[in-house]
Protein chains: 2
Amino acid sequence: MAEVGFARFSAREVAKRIGYAVGTLYNVFGSYDRLIVAINTRTFEQWAAYLEDRLAQPSTDRIAALVEGYFSFAAEHMPLWTAIYDHRLPPDMAMPEGFAARRGALTDVVVREVAAVLPVQLRDRAPRLARSLVATVHGHCTFALNGSFALLGETAPLDMAIARVRESLAASGASMPLADTG
Amino acid sequence: MAEVGFARFSAREVAKRIGYAVGTLYNVFGSYDRLIVAINTRTFEQWAAYLEDRLAQPSTDRIAALVEGYFSFAAEHMPLWTAIYDHRLPPDMAMPEGFAARRGALTDVVVREVAAVLPVQLRDRAPRLARSLVATVHGHCTFALNGSFALLGETAPLDMAIARVRESLAASGASMPLADTG
DNA sequence: TATTTTAATTGATCACCGTCTAATTTCGCA
DNA sequence: TGCGAAATTAGACGGTGATCAATTAAAATA
């Protein structure tokens, strides 16, 4: 998946490379969709670990570090990252047991960091605000990587994303380092 | 495309339904990717027309109308809308001549409306801010429609998107109707 | 160890796909 | 009417996901 991306990924090629027959893959994963779900859930976990690793390094602005980490993980693992959003479960198929929780770990990191900068009396709003800020950053990251921003002449998508996040956190009374106005 | 979605769309089925052979489609559009580009550009234009139509109806909050229009077009034409972002041009293929401009019409609508609420001395910032706000709304819309928000327990993605947009516009000194806090 | 039971693995088969080419049909115009 | 150009076609090629009866390997039992 990391090499060829979602569109050119195939179970046959996976089987060939690991030295098994296609049928074995299907016996193990059940279906093509479940194989993709397994791969993408693994990517989510790598992503969360990547962010935690960045946060573990000393930094004055952990929120900016999160946004940058979101962008750079996507950029450094573009085929894996886009596969997450390229894949859609069939309408009749639910996310297999346990996978949803493993994926949620990524959001948990953001909720924790958002809560840390909110005034104590507003910390219960952190989960909703965090989800919304992830969506904001996701939108900017998507347009940055799929060329939409470039097509429109935008050259600094990351700066825009950070600015939007800071504005929303400020509107909720968060205490943060001053913006780096370059 | 509107019926079966990006993953199950095929040129063969198109040819069958319009009563031509596959080769004819290939001769007309050149490749599968160019066929998809043509379809998706058409969707962009329908989307822009959809937004203009909504703005033509009397409204006290044109910004909110834009965000709602973004969401509702996506929801009402989910397979068409997702096809736009599911498709990625091969690295060696540029967007065919003229298609980029046709797609940009959608952003132009947003730039115009953002400029209208900004203080006159800041109107030159409208293009960049508008692009960023589109990305913000796009992120929320994506998570709303692909089930990410539902999985995390979020029940009002549209409200969140509008709130984020209002915060960012307010931070730029925009004059807008008061938020509906109902 | 010899035998039986269970688990793992295979690959041929099916109905599709995008792409391409040679051959054919249709059309516009002299 | 005839001809050259344009449009259209069928079919081949190498792929795809999915399936499942048959086979092989491993484990459990006697």
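Below, chains carry the letters A, B, ... as their sequence lines are ordered, and counting in each starts from 1.
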Given atom [atom1] of [X] and atom [atom2] of [N], what is their separation to the nearest angstrom?
X	N	atom1	atom2	value
A:Lys16	D:dT16	NZ	C1'	12 Å
A:Asn27	C:dT6	CG	P	18 Å
B:Arg12	D:dG15	CZ	C1'	11 Å
A:Tyr26	D:dT16	OH	P	11 Å
B:Leu25	C:dC17	CG	P	12 Å
A:Tyr20	C:dA7	OH	C1'	13 Å
B:Arg34	C:dG18	CZ	P	17 Å
B:His87	C:dG18	NE2	P	12 Å

Query raised in the report: Between D:dT9 and B:Thr24, is there an OP1 or OP2 to side-chain N/O distance shorter than 4.0 Å?
Result: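 Looking at the OP1 and OP2 atoms of D:dT9, one of them is under 4.0 Å from a side-chain N or O of B:Thr24.
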
Query raised in the report: So how far is it from B:Trp81 CH2 to B:Phe6 CZ, rounded to the nearest 0.5 Å?
Result: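 So the gap between those two atoms works out to 14.5 Å.
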
Query raised in the report: Centres of the B:Tyr85 and B:His138 rings: under 6.0 Å?
Result: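 Yes, they do, as the ring centres are separated by less than 6.0 Å.
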
Any base atoms under 4.0 Å from [X], or only sugar-phosphate, or nothing? Heavy atoms, all strands.
X	value
A:Val22	nothing
A:Phe9	sugar-phosphate
B:Tyr32	sugar-phosphate

Requested in this report: I would like to know whether A:Ser31 and A:Asp33 meet side-chain hydrogen bond (donor to acceptor under 3.5 Å, both in side chains); could you show each step before the answer?
Outcome: CA-CA 5 Å; A:Ser31 76; A:Asp33 283 303; 4.9 Å; no

Query - A:Arg8 or A:Gly30, whichever maps to the more 5' nucleotide of DNA chain D - result: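 Looking at the nearest nucleotide for each, A:Arg8 comes out on the 5' side.
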
Query raised in the report: Side chains of B:Arg12 and B:Lys16: does their closest heavy-atom pair fall under 4.5 Å?
Result: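 Side-chain contact under 4.5 Å: no.
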
